[in-house]
Chemist: 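I'd like to ask some things about the structure below.
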Amino acid sequence: MAVMPAIAAYQLAGQLFAITPVKLVIGVLLVAFALVELLPEQRLPAIAPRYLPWGGVLSGFFGGLSGQQGALRTMFLLKAGLSTDGFIATGAAIALLIDVSRLSTYAFQFQAIVLSTTGPSILVACASAFVGTFVGSRVLPKVTFVTLRRFVAAFLIAMGLALGAGII
């Protein structure tokens with residue numbers, strides 16, 4: 001699916017967007033899983049710990065195809081039966097491990113990256129991560145897991161719609 005041609009393309013605000021089969025499928029899955037999270041009567045039971053590695057394999061594989069590892073990983077972590085603190089800490093620890101491997105690769109090409117057009121994006125992303133961590137550490141104690149699940153589900157719906165529409 002990753003090499004299949006775009007299903008459709010359109011222009012918006014002078015920028016060209018393409019809807020590809022793989023992004024459309026993953027976008028639909030994100031929206032579907034998020035909707036299940038929002039509907040209490042449709043809630044799936046928590047995932048048994050022995051199946052969590054399969055969630056990691058599936059989110060890594062499909063995330064690698066679409067570039068949405070974090071969103072897919074979040075779908076599985078929501079079902080892991082974690083507390084609010086555990087959910088945030090587990091997601092952050094996994095993201096840290098992934099980012100350390102990425103940043104170590106970038107370090108070998110640091111000068112070329114910083115001087116290129118992607119350098120400012122990387123610096124903004126790193127600064128945003130620190131700001132998000134700081135704000136999150138202040139807000140997290142006041143947030144219930146139900147509120148967190150709703151926020152994450154809304155974000156996953158937005159990501160799924162944007163991905164399916166070819167925007168990201």
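In this text the structure is predicted, and so the values were computed from the model without any measurement. Because only heavy atoms are used, hydrogens play no part in the values below, and waters and symmetry mates are left out as well, while side chains stay in.
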Chemist: Please check if Val3 and Leu163 belong to a single hydrophobic cluster, counting links between Ile, Leu, Val, Met, Phe, Trp and Tyr side chain heavy atoms closer than 4.5 Å.
Modeler: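 The answer is no; the residues belong to distinct hydrophobic clusters.
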Chemist: Decide side chain to side chain contact (heavy atoms under 4.5 Å, CB included) for Arg150 and Leu38; before the verdict, give the C-alpha distance in whole Å, the side-chain angles of both, and the deciding distance to 0.1 Å.
Modeler: CA-CA 6 Å; Arg150 289 180 183 153; Leu38 290 175; 4.2 Å; yes
Chemist: According to a hydrophobic-cluster definition based on side-chain heavy atoms being under 4.5 Å apart (Ile, Leu, Val, Met, Phe, Trp, Tyr only), do Ile7 and Leu16 belong together?
Modeler: no
Chemist: Looking at every non-hydrogen atom in both residues, tell me the closest pair between Pro141 and Gly136 and how far apart they are.
Modeler: CD-O, 4.5 Å
Chemist: What verdict does the side chain to side chain contact (heavy atoms under 4.5 Å, CB included) test give for Thr84 and Thr147, after you've listed the backbone C-alpha separation in whole Å, the side-chain angles of each residue and the deciding distance to 0.1 Å?
Modeler: CA-CA 10 Å; Thr84 303; Thr147 302; over 6 Å; no
Chemist: With a 4.5 Å cut-off on side-chain heavy-atom distances among I, L, V, M, F, W and Y, is there a chain of contacts connecting Phe130 to Val135?
Modeler: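 Phe130 does not cluster with Val135.
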Chemist: Please check: side-chain N/O of Tyr10 versus main-chain N/O of Ala165, any donor-acceptor pairing under 3.5 Å?
Modeler: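 Present.
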Chemist: Tell me the closest heavy-atom pair linking Ala34 and Ile157, and the distance in Å.
Modeler: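 Heavy atoms of Ala34 and Ile157 come nearest at CB-CG1, 3.4 Å.
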Chemist: Could you see if Leu97 belongs to whatever hydrophobic cluster contains Phe87? Use Ile, Leu, Val, Met, Phe, Trp, Tyr and a side-chain cutoff under 4.5 Å.
Modeler: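 No, separate clusters.
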Chemist: So, taking the atom named CG in Leu140 and the one named CG in Asp85, what distance separates them when rounded to the nearest 0.5 Å?
Modeler: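 Rounded to the nearest 0.5 Å, the CG-CG separation comes to 5.0 Å.
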Chemist: Roughly how far, to the nearest 0.5 Å, is the CD1 atom of Ile167 from the CE atom of Met159?
Modeler: 11.0 Å
Chemist: Hey, mind stepping through Ile88 and Leu148 against side chain to side chain contact (heavy atoms under 4.5 Å, CB included) and telling me if it holds?
Modeler: CA-CA 10 Å; Ile88 298 292; Leu148 181 66; 4.2 Å; yes
Chemist: Under 4.5 Å between any side-chain heavy atoms of Leu156 and Phe33, yes or no?
Modeler: no
Chemist: Using the rule that Ile, Leu, Val, Met, Phe, Trp and Tyr join whenever any side-chain heavy atoms are under 4.5 Å apart, tell me whether Leu82 and Leu96 fall into a single cluster.
Modeler: no
